[in-house]
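Note on naming: letters A, B, ... go to the chains in the order of the sequence lines (proteins, then strands), and numbering restarts at 1 for each one.
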Amino acid sequence: MSKPTPLSGFPELLPEQRAVEQQVLDTLREVFELHGFGGIETRAVEPLDVLLRKGDTAKEVYLLRRLHETAEEGHAGFGLHFDLTVPFARYVLEHAGHLDFPFRRHQIQKVWRGERPQDGRFREFTQADIDVVGRDVLPAHHDVEVTRVMVDALRRLDFLPGFTLQVNNRKLVVGAYAALGITEPALVDEVMRQVDKLDKLPADAVRDALVGAGLDGPTADTVLALAAIATPDTSFTAEVARVLGDDARERSPLLAEGLDELAALLAGVADLVDDRTRVVADLSIARGLDYYTGTVFETRLDGFESLGSICSGGRYDALATDGRTTYPGVGISFGVSRVVVPLVTRTGLRTDRSVPSAVLVALTDEASRPASDAVAAALRARGVPCEVVASAQRFGKQIRYAERRGIPYVWFPADAEGGTHQVKDIRSGDQQDADPATWTPPTEDLRPRVQAKEQQ
RNA sequence: GUGGGCGUAGCUCAGCUGGUAGAGCGCCGCGUUGUGGUCGCGGAUGUCGCGGGUUCAAGUCCCGUCGUUCACCCCA
């Protein structure tokens, strides 16, 4: 077989890159579970009618088909899931009788989309979702909860650049539009769609589009003035009042509800905010997806703005319904691949070693391999990851073997004549006697650490 | 899916109007035969992404394809 070529949109990482991703995954899971979100996994495949239920035929779904499928097997067919929300909705309905509500879960899995790959956009990629689902009702404090969990998880990934979580509320937007006389559903959708483009198009162009959609000039200006509001605290409520008038809350109960929910969210996460971790109420955030009904999220990563949102989600009052019962939910999804792949390929983010081993046990000669194996076994018994060197070359080469892989310690076993065991820190050159039954490296050397390439 | 840029050594890249493929870094060996890194000396890098075409001659020009990247679409 000739040398295989890469497959577009199906990224693969080298061990020291994958180790970075693995730490992201470990941290996400740990923090999610710290907040009481248990993990589930759904099958990779869903019936096509489930995947396309929302009329999203534009979604590029990969089909699953048996090679020898016959024409008689004329069912709707299967497709690979393109996100984790749709399968989760199906899962909730299917297992509702065995779940306790409100149901919290996290789900970290690969998803597939047949889109054109681009930086941070792939055909196979990993998402990390958390959602809370209620039966019939789900109080608004769960919107705050979900936000807190994800912000907590992201801020603990201390090797990530800083980020800004942008939050808005569709009730606020729809209510405000109603107060402006924009009530026709198709027009509301169109106005939101145009406003959503403000991060790419100049305000003038968006204004023209709004007027083209049927708004008069003053109304378009007010819509843009609203969308320009972005505050790191609850002061957005005063700004909305300034734009729409002090009586706007009375004129639109939906607006009042949205303002209160968004204010509660901002207040509820204030203690998690720091220089790297910012949360802003940004009234230009709309989200193209039409099933969101309240809170909506997007997230920008400092220095990686071109990736778009790395973490998005929101509130859906009808995540799932079986006709009798409706399950409202609120969730947020972190694009693991979207962040990790550009980070490791563009900035050279790596772990400080390419293997898990903290110690390389040297080998005097092949005859003494059992002695080296015994040292390794003693270290492993206390949780020290280690490996025995592949071949009994000169010690200089064995040290170089460790150096290449970033293994910080080399262990020289006692020789047969009754010498002592010695361990060498090859970064400092320090070498001293050590007992395989008790020696342990400092905690920070036990596992690979993530570090920028410049620091290596 | 639509349109543009780019594909040369493991990496970053040079290679003029077509004329026998290069540098730096890295890698391997020796100096130093059981203690690496520094230094010195020596060595190997390669279907020039792949396929086809034009030509006496193609890394160089043309077409296709794959990869990559940017914009649109859409979104993590």
- request: Could you walk me through whether A:K171 and A:E261 pass salt bridge (charged side-chain N to carboxylate O under 4.0 Å, His left out), step by step?
  value: CA-CA 9 Å; A:K171 293 177 187 171; A:E261 286 184 8; 2.6 Å; yes
task: Can you tell me, in whole Å, how much space there is between the C1' of B:G26 and that of B:G46?
output: 16 Å
Watson-Crick or G-U wobble mate for B:C56, both contacts under 3.5 Å: B:G19
field: P-based separation of B:G29 from B:U35 [nearest Å]
entry: 16 Å
query: Under 4.0 angstrom, heavy atoms only, what part of the nucleic acid is A:G429 near: base, sugar-phosphate, or nothing?
result: base
message: Pairing check on B:C41: which nucleotide meets the Watson-Crick or G-U wobble criteria with it, both distances under 3.5 Å?
response: B:G29
message: Quick check, does A:F395 stack with B:G36? I mean ring centres under 5.5 Å and planes off by under 30°.
response: no
Within the 6.0 Å centroid threshold, strictly below: A:Y327 and A:F101: yes
A:F10/A:F122 aromatic ring centres below 6.0 Å: no
- request: Please state the P separation for the pair B:C62 and B:G7 - nearest whole angstrom.
  value: 13 Å
- prompt: Looking at B:G36, B:C73, B:G34, which one has an atom nearest to any side-chain atom of A:I399?
  reply: B:G36
- prompt: How is A:G308 classified with respect to the nucleic acid when contacts are heavy atoms under 4.0 Å: base, sugar-phosphate, or nothing?
  reply: nothing
query: Which base sits across from B:G1 as a Watson-Crick or G-U pair, both distances under 3.5 Å?
result: B:C72
field: Options B:A76, B:G34, B:G36, nucleotide nearest the side-chain atoms of A:S312
entry: B:A76
query: C1' atom, B:A58 versus B:G43: distance in rounded Å?
result: 31 Å
- prompt: Can a side chain N or O of A:R193 be found less than 4.0 Å away from OP1 or OP2 on B:C73?
  reply: no
Span that lies between the P atom of B:U60 and that of B:U2, in whole angstrom: 27 Å
Below 4.0 Å: OP1/OP2 of B:C27 and any side-chain N or O of A:R404: yes
query: What about A:R113: does its side chain form a donor-acceptor pair under 3.5 Å with the base of B:C74?
result: no
field: Sugar-phosphate, base or nothing in reach of A:Y401, heavy atoms under 4.0 Å
entry: nothing
Rounded interatomic separation in angstrom, taking CZ from A:R427 and P from B:G36: 18 Å
task: Could you tell me whether the phosphate oxygens of B:G29, OP1 or OP2, come under 4.0 Å of any side-chain nitrogen or oxygen in A:K397?
output: yes
query: Over how many whole Å does the gap from A:R394 atom CZ to B:G37 atom C1' extend?
result: 14 Å
message: Closer than 4.0 angstrom, basic N to acidic O: yes or no for A:D373 and A:R380?
response: no
message: Counting the atoms with a prime plus P, OP1 and OP2 as sugar-phosphate, which does A:I426 contact under 4.0 Å by heavy atoms, base, sugar-phosphate, or nothing?
response: base
- prompt: Rounded to whole angstroms, how far apart are CD on A:Q166 and C1' on B:C75?
  reply: 15 Å
- prompt: What interatomic distance, in whole Å, is found between P of B:C30 and the corresponding atom of B:G37?
  reply: 12 Å
field: Inter-nucleotide C1' distance (B:C73, B:U65), Å rounded
entry: 24 Å
message: Rounded to whole Å, how long is the line connecting atom CE of A:M150 with atom P of B:A76?
response: 12 Å
message: If you assign A:R123 and A:D430 each to the RNA chain B nucleotide with the nearest heavy atom, which residue ends up on the more 5' nucleotide?
response: A:R123
field: Note: A:R300-A:E298 ion pair, threshold 4.0 Å (strictly below)
entry: yes
- prompt: Can you check the A:D196 CG to B:C74 P distance for me, whole Å?
  reply: 10 Å
- prompt: How many Å lie between CD on A:Q17 and P on B:G10, as a whole number?
  reply: 17 Å
Rounded C1' spacing from B:A9 to B:A71 in Å: 33 Å
- request: Side chain of A:R400 only, please: which of B:A76, B:G34, B:G29 is the nearest?
  value: B:G29
task: Check every atom of B:G34, B:G36, B:C74 against the side chain of A:R121 and return the nucleotide holding the closest atom.
output: B:C74
Integer-rounded Å distance: B:G34 P and A:Q422 CD: 17 Å
task: Tell whether A:Q431 reaches the base of B:U35 with its side chain through a donor-acceptor pair below 3.5 angstrom.
output: yes
- prompt: What orientation do A:W439 and A:Y409 show, parallel under 30°, tilted 30 to 60°, or perpendicular over 60°?
  reply: perpendicular
- prompt: Closer to the 5' end of RNA chain B via nearest nucleotide, is it A:G9 or A:S306?
  reply: A:G9
field: Watson-Crick or G-U counterpart of B:G7, or none if no pair lies under 3.5 Å
entry: B:C66
task: Give a yes or no on whether the ring-centroid distance for A:F32 and A:H106 is below 6.0 angstrom.
output: yes
- prompt: Is there a side-chain contact between A:H421 and A:D433 (heavy atoms, below 4.5 Å)?
  reply: no
- line: Whole-Å distance, A:E403 CD to B:G37 C1', equals 5 Å
